There are 2 protein chains.
Amino acid sequence: MRRHYITIKDIARELAISVSTVSRALRDAYDVNPKTREKVLAKAMELNYKPNFNAIGLVQSQSHHIGVLMPAITNYYFSTVFTGIEQVANANGYSLIVFITNDSAEREQAILQDLSLSSLDGLLVSVSSQADSYAHFEELIRNGIPVVFFDRVADAVLTSKVMQDDYHGAYEATQHLIDQGYRRIAHLAGPAGLTFTLKRRKGYEDALTNNGLPVRSAWVIHSGFSQECGFEDVARLWTLAEKPDALFAVNDRKAIGAMLALKERKVQIGKEVGVIGFTNDPMSQIISPTLTTVAEPAFEIGKLSCELLMKHMTRKNFEAQEVILPARLIVRESTRR
Amino acid sequence: MRRHYITIKDIARELAISVSTVSRALRDAYDVNPKTREKVLAKAMELNYKPNFNAIGLVQSQSHHIGVLMPAITNYYFSTVFTGIEQVANANGYSLIVFITNDSAEREQAILQDLSLSSLDGLLVSVSSQADSYAHFEELIRNGIPVVFFDRVADAVLTSKVMQDDYHGAYEATQHLIDQGYRRIAHLAGPAGLTFTLKRRKGYEDALTNNGLPVRSAWVIHSGFSQECGFEDVARLWTLAEKPDALFAVNDRKAIGAMLALKERKVQIGKEVGVIGFTNDPMSQIISPTLTTVAEPAFEIGKLSCELLMKHMTRKNFEAQEVILPARLIVRESTRR
DNA sequence: GTGGTTTTCGGTAACGTTCTCGCTACTTTA
DNA sequence: TAAAGTAGCGAGAACGTTACCGAAAACCAC
């Protein structure tokens, strides 16, 4: 289905001037008489001229598109990060192309494989859980397409990364539980392959150790990010002879799943068993008792990632940066005895 | 920043054949010897050739991009619709360009104004709350770029639309409240300008009327979609001499805001005042008491919208369709006496 | 006036691909 | 064996724009 639109040729013909002049007039005023420029602009408006980005992209070998590759969009964290990205991208005249991996490494590989190098000026990425090959990212960077990681970063790839302070957030969360008098603290961890899973686990373990508490491997369970996972993790923990008296979950969804499982067992949340999450998903304020959590600056992470990407795209040799944004403990009812 | 990639010219040169032949070999086998085709494919793989979509788009005047214009992405409904869209688009080799209006009519106008006709093959739209000018959409369609509306549709524009059954969903919800013995039913409605706001309101009013109950304008409050709006609506209602004994909210977020306001007033939800929402946001199962709601088939709406758009894009004169997907009442604790 | 700048503009190639047409060489048909 | 058909390939234009370079026109100083 071919279509024909108004082009600068049409404007040039109507005004009896050359295409080059129209082209220049439409961009900066450089090398063009103000009067001519006015005429061109007026005519363009009159004919409702819209630039053809394919042609511009072809000659300039750029697309004004930024890719966003994420595991999902249907949750508070990612959709909020995305909103931050959108704000910056829009302000700079870039459009966003979204790719959802559904946490599937195959899907991620397929997307990166199909990616036309010419269709993207830059890429923002939060890697899928089990991604193990980062060759595609390095190839992109080698080809001059900057990549910036956020949240779930690929350590091995040398480029800018933006994340929250997973280690200290987890440490603070665990310390808070200890301060509240909980002693048998379990950790509902994320998939073992991810960097931030390990960071949060490390924060948890160090807090225990520094407080003279033992780290018990039976109380650390690695599973997915979903509410169901949290629910099942509790089911597993509650088969143990010695049950925990507090749970630190890798995110709020799992914490909520855990709370539902505890409610089913008639366990008093807060009093008997403390629960703490990570993210500050709006759900954490809705559930009863309200969930203590570690707030992530999701919107800021989105903004900053996109800003960094812009710098990588415009400056020739912008040095890669790793930015770690602070996480903030928010105490609510689920950890109040 | 200009970059150079592998092109079909490179393949042609290395194989000492013409560009035309390479081009044909890379697409369908038509008019090209299987052996030649094999050689080209092998060389393309070896050189890691990626097609330049700008060039293809330029000559074919299409982009393989679909635009998605939505008020927001940070909520269950829209992010789920988007996931449905993504699935279909991806399966058909289209990329998605996302535009977020933040429910601002100005923003929506600006986006549509800037839209290059050549950068999109089709557009999926859920209009912003107060949008009043639909000229842009009609212009797109006139220019051969199909538009499909979902959820928040622009009635006046003649094109395909996909939505849930707002009227009957609202009717059922209200009928359910009446069946449970509630008689003084208020409606926390959405912004007055939107079609689906009016449909839900009509369903509510008809259910009252058909059951011999009066429609009282003081009990119908139009405001935004947010949780805070629901909270404030209750504050207003509770200043009335005669307070309602049930609330039907236009969506779950508002219903939840209302529940929080009721909890603050120590009102027993379910027993004293029934509350019912619309959407089936996962939050509705988390809050306590759990929220009765009308489930919208968000994922299906996304899939179907994109499928319809595909048909508009590929078939020359595909006739516009209006699809209304059924909504389903889900009874939970907030309406059980 | 003369020579030299500066301002303003036009011609042309290029970007990577597809498309249309035409040519050659081989195969089939009568 | 000649005519007709077919398979396979190449040349060149086209898509809409920008980039580069040179030329004309206008201005300026002496």
Side-chain angles (χ1 to χ4, degrees), chain A residues 1-41 43-44 47-64 93 116-121 143-144, chain B residues 1-41 43-44 47-64 93 116-121 143-144:
Chain A
M1 229 195 313
R2 307 199 54 162
R3 307 179 287 249
H4 179 74
Y5 306 118
I6 303 293
T7 71
I8 59 173
K9 287 184 187 177
D10 298 319
I11 300 180
R13 187 170 10 83
E14 296 231 357
L15 257 38
I17 57 177
S18 79
V19 215
S20 337
T21 307
V22 176
S23 174
R24 260 167 310 188
L26 249 26
R27 289 169 294 151
D28 31 26
Y30 152 79
D31 244 25
V32 47
N33 191 310
K35 286 181 190 170
T36 319
R37 183 164 185 267
E38 282 314 310
K39 280 197 291 182
V40 170
L41 257 37
K43 184 59 81 177
L47 298 180
N48 193 21
Y49 166 77
K50 298 286 172 69
N52 185 314
F53 287 144
N54 280 324
I56 298 175
L58 181 57
V59 65
Q60 295 186 335
S61 71
Q62 56 168 317
S63 62
H64 269 89
S116 165
L117 295 174
S118 58
S119 57
L120 250 39
D121 291 349
N143 279 292
Chain B
M1 229 198 306
R2 308 199 51 161
R3 304 179 288 250
H4 179 75
Y5 305 119
I6 302 293
T7 71
I8 59 172
K9 287 184 186 175
D10 298 320
I11 300 180
R13 189 171 8 83
E14 295 230 355
L15 257 38
I17 57 177
S18 79
V19 203
S20 338
T21 306
V22 176
S23 175
R24 263 167 310 194
L26 250 25
R27 289 168 295 151
D28 31 26
Y30 150 82
D31 244 26
V32 47
N33 191 311
K35 285 181 189 166
T36 316
R37 182 162 185 271
E38 282 314 309
K39 278 197 293 185
V40 170
L41 259 38
K43 184 59 79 177
L47 298 179
N48 194 22
Y49 165 77
K50 299 284 173 68
N52 185 315
F53 288 142
N54 280 324
I56 298 176
L58 181 58
V59 64
Q60 295 185 337
S61 71
Q62 56 167 317
S63 63
H64 269 92
S116 165
L117 295 173
S118 58
S119 57
L120 249 39
D121 290 350
N143 279 293

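Numbered from 1 within each chain, the chains take letters A, B, ... in sequence-line order. This is a predicted model, so every value here is computed, not measured. Worth knowing before you read on, the calculation uses all heavy atoms, side chains too, and leaves out hydrogens, waters and symmetry mates.
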* Taking the side chain of A:Thr7 as its heavy atoms from C-beta onward, which of D:dT17, C:dC9, D:dC15 lies nearest to it? -> D:dT17
* Below 4.0 angstrom from OP1 or OP2 of C:dT18, is there any side-chain N or O of B:Arg27? -> yes
* Step by step, would you call A:Leu58 with B:Asn52 a side-chain contact (heavy atoms from CB on, under 4.5 Å)? -> CA-CA 8 Å; A:Leu58 181 57; B:Asn52 185 315; 4.2 Å; yes
* To do: Return the value, rounded to whole Å, for the distance between atom CG of A:Asp31 and atom C1' of D:dG22.
  => 12 Å
* Asked: Taking atom P of C:dT17 as reference, at what distance in whole Å does atom CG of A:Leu58 sit?
  -> 9 Å
* Look at A:Gln62 and C:dC15 and indicate whether a side-chain polar atom (N or O) is within less than 4.0 Å of OP1 or OP2. => no
* Asked: Can a side chain N or O of A:Ser23 be found less than 4.0 Å away from OP1 or OP2 on D:dT17?
  -> no
* To do: May I ask you to verify if any side-chain N or O of B:Thr21 is less than 4.0 angstrom from the OP1 or OP2 atom of D:dG10?
  => yes
* **Rounded distance (Å) that lies between atom P of D:dG16 and atom NZ of A:Lys50** => 16 Å
* To do: Report which part of the nucleic acid B:Ile56 touches: base, sugar-phosphate, or nothing (heavy-atom distance under 4.0 Å, all strands).
  => sugar-phosphate
* To do: Nearest whole angstrom, please: distance from the P of D:dG16 to the CG of B:Asn52.
  => 16 Å
* Considering only C:dT18, D:dG16, D:dG8, which nucleotide approaches the side chain of B:Pro34 most closely? -> D:dG8
* If only side-chain N and O atoms of B:Ser20 are considered, is one of them under 4.0 Å from the OP1 or OP2 phosphate oxygen of D:dA11? -> no
* Asked: To the nearest angstrom, how far is A:Ile17 atom CD1 from D:dT17 atom P?
  -> 14 Å
* Asked: Given the rule in the side-chain contact (heavy atoms from CB on, under 4.5 Å) test, do A:Thr36 and A:Thr21 qualify, once you have shown the distances and angles that lead to the verdict?
  -> CA-CA 9 Å; A:Thr36 319; A:Thr21 307; 4.0 Å; yes
* To do: Report yes or no: is there a donor-acceptor pair, N or O only, under 3.5 Å between the side chain of B:Asn54 and the base of C:dC15?
  => no
* side-chain contact (heavy atoms from CB on, under 4.5 Å) between A:Val40 and A:Ile11, intermediate numbers included -> CA-CA 7 Å; A:Val40 170; A:Ile11 300 180; 4.3 Å; yes
* Polar side-chain contact B:Arg37-D:dG8 base: donor and acceptor under 3.5 Å -> no
* Asked: In whole angstroms, how far is the P atom of C:dG16 from the NE2 atom of B:His64?
  -> 20 Å
* **A:Lys39 vs A:Ile17, side-chain contact (heavy atoms from CB on, under 4.5 Å): CA-CA, chis, key distance, verdict** => CA-CA 11 Å; A:Lys39 280 197 291 182; A:Ile17 57 177; 5.7 Å; no
* d(NZ, A:Lys39; C1', C:dC9) in whole Å -> 12 Å
* Asked: What is the nucleic acid contact for A:Phe53, judged by heavy atoms within less than 4.0 Å: base, sugar-phosphate only, or nothing?
  -> nothing
* Can you tell me if the side-chain N/O atoms of B:Tyr5 get under 4.0 Å from OP1 or OP2 in C:dT17? -> no
* Any side-chain N or O of A:Thr36 under 4.0 Å from OP1/OP2 of C:dC9? -> yes
* d(CD1, B:Ile11; C1', C:dT18) in whole Å -> 15 Å
* Grab the two heavy atoms, one from A:Tyr49 and one from A:Leu26, that are nearest each other, plus how far apart they are. => CE2-CD2, 3.6 Å
* Minimum-distance nucleotide (side-chain atoms of B:Val19 versus C:dT8, D:dA19, C:dT17) -> C:dT17
* Does OP1 or OP2 of C:dG10 have a side-chain N or O of A:Ser18 closer than 4.0 Å? -> yes
* Asked: Can B:Arg27 and B:Ser23 be said to form a side chain to side chain donor-acceptor pair (under 3.5 Å), step by step?
  -> CA-CA 7 Å; B:Arg27 289 168 295 151; B:Ser23 175; 2.9 Å; yes
